[in-house]
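Just below is one structure, and these are the notes that go with it.
Because the structure is predicted, anything quoted here is derived from the model rather than measured. Below, read A as the first sequence line, B as the second, and so on, with proteins coming before strands; counting in each chain starts at 1.
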2 protein chains.
Amino acid sequence: MSEGLPPSSGSSPTLEDVARAAGVSRATVSRVINGIRNVDPAIQETVRKAIAATGYVPNQAARSLVTRRTGAIALVVSGAGDESGEDPFPGQVFADPFFGRVAGGIVGFLRPRGVHPILMFAETAETRAQVLAYLRQGNADGAVLVSTNADDPLPKLLVEAGLPAVLFARPPEPLPISYVDVQHRAGAKLAADHLVARGCKRIATISGPMAVPASQDRLAGFRDAMAVHGQPYIPWVEGSFTYPSGEAAMERLLAEHPDIDGVFVANDVMAQAALVVLRHHGRRVPEDVAVVGFDDSSAALACRPPLTTIRHPVEDMAAEMARLLLAHIEEPERQATSVIFEPALVVRESA
Amino acid sequence: MSEGLPPSSGSSPTLEDVARAAGVSRATVSRVINGIRNVDPAIQETVRKAIAATGYVPNQAARSLVTRRTGAIALVVSGAGDESGEDPFPGQVFADPFFGRVAGGIVGFLRPRGVHPILMFAETAETRAQVLAYLRQGNADGAVLVSTNADDPLPKLLVEAGLPAVLFARPPEPLPISYVDVQHRAGAKLAADHLVARGCKRIATISGPMAVPASQDRLAGFRDAMAVHGQPYIPWVEGSFTYPSGEAAMERLLAEHPDIDGVFVANDVMAQAALVVLRHHGRRVPEDVAVVGFDDSSAALACRPPLTTIRHPVEDMAAEMARLLLAHIEEPERQATSVIFEPALVVRESA
DNA sequence: CTCACCACAGAGAGCGCTCTCTCCCTTCTC
DNA sequence: GAGAAGGGAGAGAGCGCTCTCTGTGGTGAG
């Protein structure tokens, strides 16, 4: 054993070195390290000792070369939309706590399985091509995609390239690709029911952009629920999920319907803007006007008063995305599936 | 050319296929794809066409096997500290916008260079070992480390393993490892000067934990600057960078020195807590007591009133970390270096 | 006693790429 | 016109691993 230590000059020990030290063949050491089928326990022990003695660590590149697996997946944040905006720092996107929650959920699921996410960012045609090339080169076994804008071409490109991928939300156009999403209609219904239960009589809504499926669903769900409560017509202004659009929408709503006493806003950021506008106009929240948001983002807590909102289980959804992706990688012929989560009402002070 | 297309059955084309299609050797195709030295322009053109025709994409695993480079680095978030706390979702850490800014800065620098970060999370001995093993297996060429607590053993482990790594802040114990940091003393001086310039006469401070080098520097810098302003003694309470510790510290400060009119708090989260405590005690901010924080985190904007604070250039620092790491990977014998950034005062309403 | 069978270990062929070494042919110099 | 010099292309040896195939010894059945 003392003469076992091979040259070990400079570079790290290889399977061959361990095999020599243990007095067995390379194949046997490989068997011990991996699936361990049909190896004599005594020899297993010898091999393990040799591994410890040599300080052997398997080389992932060599392994990947033959297994055609890397044990890594790409976590792609796609489409700040601005094709023009030359932003070298994708800071805003990553700084959004929503992204952090997604990352946390994914890492939480993947880590115990020895898989790690590679952080990528794609907002231009060039960077999208980069992501695609990266996956084709076999740097990662698949991709989990979080799109920030609706008409992101990446999902389609991934499908066409036959690369395993899972989306965070239902794609605008039907695509044979798995995704997770939240029951937007059910969430909107929670908001409607809550406003009605509070006693609101003249209720309006600020929706997200109609190009986004989630916006459509939230609006439709809200209308349907209100219709059940006997209110078939709901004043409505379309926003674009941004703060300024929320301001403008609330201003218009107040101008056209000064007597409203309840508003459902399709995301928290616009709701935050709406609160400021309402205060500007001397409306007390929730006494004069009750406001319900959507997302339960960090903006909800930063609001004055804190925002009543609809929460999606982002971490669970992210973990599910990872689970679906691994399943697709394992079994490439598997059909695309969707997993839809149930949202919950978080009551704070704004409604 | 039309007969060029090789079987291409199932799997993707290899260098060999391209070489056959172009009528040259594998080596020549490799030359064209990489450094392009000494290749006839006409042949280059032929090879390029063959590459396009076959849809060839180099296999990263095969390449890594011989070059011993992966083109990936690990972005390690280390030490939520809680060795016991069995938290499967490292959500809180990633959800912190600070982390997002770091990630953004790193991706911004690495992407143009074709390098990608692998997201890792290490808070227990087991996960630290995982990170180390991961790097040793050659999954990544080095690591960029953001520690959240002072006595993180990972930096030392990385140094001992001889793995290229760069830290986000100066390690508590001296270590031959590169890091970026901010001039904490200069930042504290900015706060001191601002409070004095405002006319504050009875100034106190809430520091971070003394185990953290940054806390020591901020406190020392603040004291030194105040001494220059003729105030050698500054009432001081130690916090631990958390919200509750900020509350407790402010309560104590008010109890012991009810007449204070200015406070420098060593981070924004504690400052946020301090603001709430001050309001509870009927103190107006900034009229009765002016408050300056540190970090310019998202908490600073969520404060009422918005917090005057010290901002570090997090994105720039993160980019510099990435730059240093790539330099170390390129040139392993290179000495450890540090790059220290200048902080800036952000004046809002609290002081 | 012979044969089939099983459990196990070794041999060796690649995976797809890079890179050194070698060779060839052109060009320049004296 | 011969030899040196050098640019440009091919041959082939690995990089470290997995996995199939083959070989061997021991066991139970016929």
In whole Å, what is the span from the CZ atom of B:Arg31 to the P atom of D:dG8? 11 Å

Taking 5' to 3' order, which nucleotide of DNA chain C is first and which is last to have an atom within less than 4.0 Å of a heavy atom in chain B? C:dG16 to C:dT20

Contact class for A:Arg68 vs. all strands (heavy atom < 4.0 Å): base, sugar-phosphate, or nothing? sugar-phosphate

I want to confirm an ordering. Mapping B:Gly23 and B:Leu65 to their closest nucleotides on DNA chain D, which one lands closer to the 5' end? B:Gly23

Considering heavy-atom distances to DNA chain D, does A:Ala27 or B:Val66 have its closest nucleotide positioned more toward the 5' end? B:Val66

With B:Leu167 as reference, evaluate B:Leu324, B:Val144, B:Val146, B:Ile177 under the side-chain contact (heavy atoms from CB on, under 4.5 Å) test and give the passing residue. B:Ile177

What's the shortest heavy-atom distance between A:Val166 and A:Tyr179, and which atoms? CG1-CA, 4.1 Å

Please name the pair of heavy atoms, one in B:Ala21 and one in B:Ala50, separated by the smallest distance, quoted to 0.1 Å. CB-CB, 4.1 Å

In terms of side-chain heavy atoms, does A:Thr54 have a donor or acceptor partner in A:Asp17 at a distance below 3.5 Å? no

N/O donor-acceptor pair under 3.5 Å between A:Arg63 side chain and A:Pro58 backbone: no

Toward the 5' end of DNA chain C, by each residue's nearest nucleotide, A:Asp40 or A:Arg26: A:Asp40

Aromatic A:Phe109 / basic A:Arg113 pairing, under 6.0 angstrom, 45° off normal: yes

